[in-house]
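The next block holds one structure in the form of structure tokens; read it before the comments.
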Amino acid sequence: MFDLIIRNANLPDGQQGFDVGLKGGKIVAIEKALAATAGEEIDATGRLLTPPFCDPHFHMDATLSLGLPRMNVSGTLLEGIALWGELRPMLTRQALVERALRYCDLAVSQGLLAIRSHVDTSDPRLVTAEALLEVKEKVAPYIDLQLVAFPQDGYFRAPEGVASLNRALDMGVDIVGGIPHFERTMEDGARSVEALCRIAADRGLPVDMHCDETDDPMSRHIETLAAETIRFGLQGRVAGSHLTSMHSMDNYYVSKLIPLMAEAKISVIPNPLINIMLQGRHDTYPKRRGMTRVRELMAAGLNVSFGHDCVMDPWYSMGSGDMLEVAHMAIHVTQMGGIEDKRKIFDAITVNAAKTMGLEGYGLAVGCRADLVLLQAADVSEALRLKPNRLCVIKAGKVIARTAPRIGELFLDGRPASIDIGLDYIPQTPAS
């Protein structure tokens, strides 16, 4: 007797028509024609069942603040940072908690059940840390929320940056963050990387740095981050986010850099929506678009996962909490449109992102946590193409969100009365 059985589901690896049995918050059976009963059964009708989406890079303290106290007129990264500096003194714990919880509601509806959020520590009040620690506790039953102590104005550059970051970690923030390219000088940036890695080593914490989010090919803090990772024995515990300067670096230097990153076992977190929106702003034409070298990094064996970064905040007026939207953009900007490419892109918002975040029990295998999402699409490629509805979202073996299928009604003579965008337009094989 199972708690829940999902019948006739397709799996991310391409296998079709499997039943998945859940009991006690775990996946306990994956087989065809599972001979068992359950308290509840869901007929997947040949649609894709996947582990939940994971966002390894987000700013939950800023989300849904679009228009406060004004709009970002230029749409640039630097005006966004300036605008956040205007808003930050006005932030209250109550407003931060309310916006973050609203975003978490949206995330659950999108099948997004794990989020790593950077928390700005530049304001010594640390109201952001207080608020998101409260949110983390409130959403723990349904979202794995990790928090990064992030010195937005610079670890050394902010007047009380060093003390504030350490206080945030003392309060219970999980991860050491940084932004070396925003320090006053390249030398200060390198010093900040060394200091922050030392803190992480002393405290036994992971590291996740905004690194080289610039078009400047001479911004090479990822090299320092990789070297300090090895020096402090942090291999496998460090992530470099953005890395947009790699888009502009010469190939010879990158041929040296990527093996160093692989030696350090750096996790790489590009943010396709934000990177393509904010980079190349000083260019006329030809115009750079700023995404890091995803294909080459994946080929070298580095763990690459994609972040959403922002939703309706000073930096980005768009966004929907949909990691498939992120991956959809990644396919285009990386020009990774092949079948195998798409599987790698899908992994970057699921299994790779879970690895970046160190999530235990994640996956779609017997013994994994019973956290799953049923999509209105037949397979991974179709999910990336359609960004389909999440028919149901399951946490610990219980349905916590449902969305009705997207069905279009037609009133055309001699044509079908309705179409299912997720099943009626599956590409046909050559034989058919």
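All of these numbers come straight from a predicted model, not from anything done at the bench. What's counted below: heavy atoms across the whole structure, side chains too, no hydrogens, waters or symmetry copies.
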Carboxylate-amine/guanidinium contact Arg390 Asp322, below 4.0 Å:
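A salt bridge links Arg390 with Asp322.
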
Look only at the side chain of [X] and the backbone of [Y], and say whether a donor-acceptor pair between them is shorter than 3.5 Å.
{"X": "Thr121", "Y": "Ala149", "answer": "no"}
{"X": "Arg125", "Y": "Leu91", "answer": "yes"}
{"X": "Thr292", "Y": "Leu243", "answer": "yes"}
{"X": "Arg116", "Y": "Gly307", "answer": "no"}
{"X": "Asn303", "Y": "Asn352", "answer": "yes"}
{"X": "Thr334", "Y": "Val294", "answer": "no"}
{"X": "Arg7", "Y": "Leu34", "answer": "yes"}
{"X": "Asp43", "Y": "Thr45", "answer": "yes"}
{"X": "Asp61", "Y": "Leu96", "answer": "no"}
{"X": "Thr128", "Y": "Asp120", "answer": "yes"}

Go through the side-chain N and O atoms of [X] and [Y] and say whether any donor and acceptor fall under 3.5 Å apart.
{"X": "Ser241", "Y": "His57", "result": "yes"}
{"X": "His242", "Y": "Asp212", "result": "no"}
{"X": "Thr356", "Y": "Ser305", "result": "yes"}

Euclidean distance, [Y] [atom2] relative to [X] [atom1], rounded to 0.5 Å:
{"X": "Asp379", "Y": "Lys342", "atom1": "CG", "atom2": "NZ", "value": "9.0 Å"}
{"X": "Asn389", "Y": "Leu374", "atom1": "CG", "atom2": "CG", "value": "11.0 Å"}
{"X": "Tyr142", "Y": "Ile400", "atom1": "OH", "atom2": "CD1", "value": "8.5 Å"}
{"X": "Leu205", "Y": "Arg237", "atom1": "CG", "atom2": "CZ", "value": "7.5 Å"}
{"X": "Asp215", "Y": "Ser245", "atom1": "CG", "atom2": "OG", "value": "9.0 Å"}
{"X": "Arg406", "Y": "Leu391", "atom1": "CZ", "atom2": "CG", "value": "13.0 Å"}

Side chains of [X] and [Y]: closer than 4.5 Å at any heavy-atom pair?
{"X": "Leu133", "Y": "Leu147", "result": "yes"}
{"X": "Arg295", "Y": "Asp341", "result": "yes"}
{"X": "Arg288", "Y": "Gln279", "result": "no"}
{"X": "Cys211", "Y": "Val193", "result": "no"}
{"X": "Arg203", "Y": "Asn166", "result": "yes"}
{"X": "Met246", "Y": "Leu297", "result": "yes"}
{"X": "Ile30", "Y": "Leu364", "result": "yes"}
{"X": "Cys197", "Y": "Leu225", "result": "yes"}

Specify the closest pair of heavy atoms between [X] and [Y], including all atoms of both residues, with the distance to one decimal.
{"X": "Leu410", "Y": "Pro416", "result": "CB-O, 3.3 Å"}
{"X": "Thr403", "Y": "Ser109", "result": "OG1-O, 4.3 Å"}
{"X": "Leu132", "Y": "Ser117", "result": "CD1-OG, 3.9 Å"}
{"X": "Leu260", "Y": "Ala226", "result": "CG-CB, 3.8 Å"}
{"X": "Ala100", "Y": "Val135", "result": "CB-CG2, 3.8 Å"}
{"X": "Lys395", "Y": "Asp371", "result": "NZ-OD2, 3.1 Å"}

Do other residues, nucleotides or ligands put more than 12 heavy atoms under 6.0 Å from [X] [atom1]?
{"X": "Ile339", "atom1": "CD1", "value": "no"}
{"X": "Lys398", "atom1": "NZ", "value": "no"}
{"X": "Arg102", "atom1": "CZ", "value": "no"}
{"X": "Glu40", "atom1": "CD", "value": "yes"}
{"X": "Gln235", "atom1": "CD", "value": "yes"}
{"X": "Arg70", "atom1": "CZ", "value": "yes"}

Do His59 and Phe150 have their ring centres less than 6.0 Å from each other?
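Ring-ring flag for His59/Phe150: true, centres closer than 6.0 Å.
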
Derivation of the side chain to side chain contact (heavy atoms under 4.5 Å, CB included) call for Glu213 and Asn271
CA-CA 10 Å; Glu213 188 184 1; Asn271 298 281; over 6 Å; no

Which one of Lys136, Arg369, Glu360 satisfies the side-chain contact (heavy atoms from CB on, under 4.5 Å) criterion with Asp144?
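When side-chain contact (heavy atoms from CB on, under 4.5 Å) is applied between Asp144 and each of Lys136, Arg369, Glu360, only Arg369 qualifies.
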
Show the numbers, then the answer: is there a side chain to side chain contact (heavy atoms under 4.5 Å, CB included) between Phe53 and Thr350?
CA-CA 5 Å; Phe53 299 113; Thr350 52; 3.9 Å; yes

In terms of the angle between their ring planes, are His308 and Tyr316 parallel, tilted or perpendicular, with boundaries placed at 30° and 60°?
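Because their plane-to-plane angle is over 60°, the rings of His308 and Tyr316 count as perpendicular.
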
Going through the checks in order, is the side chain to side chain contact (heavy atoms under 4.5 Å, CB included) test met by Phe182 and Leu78?
CA-CA 10 Å; Phe182 204 63; Leu78 291 180; 4.3 Å; yes

Assess the residue pair Gln376 and Ile407 against the criterion (side chain to side chain contact (heavy atoms under 4.5 Å, CB included)); give the C-alpha distance rounded to whole Å, side-chain angles, the decisive distance to 0.1 Å, and a yes or no.
CA-CA 10 Å; Gln376 190 186 356; Ile407 304 294; 4.3 Å; yes

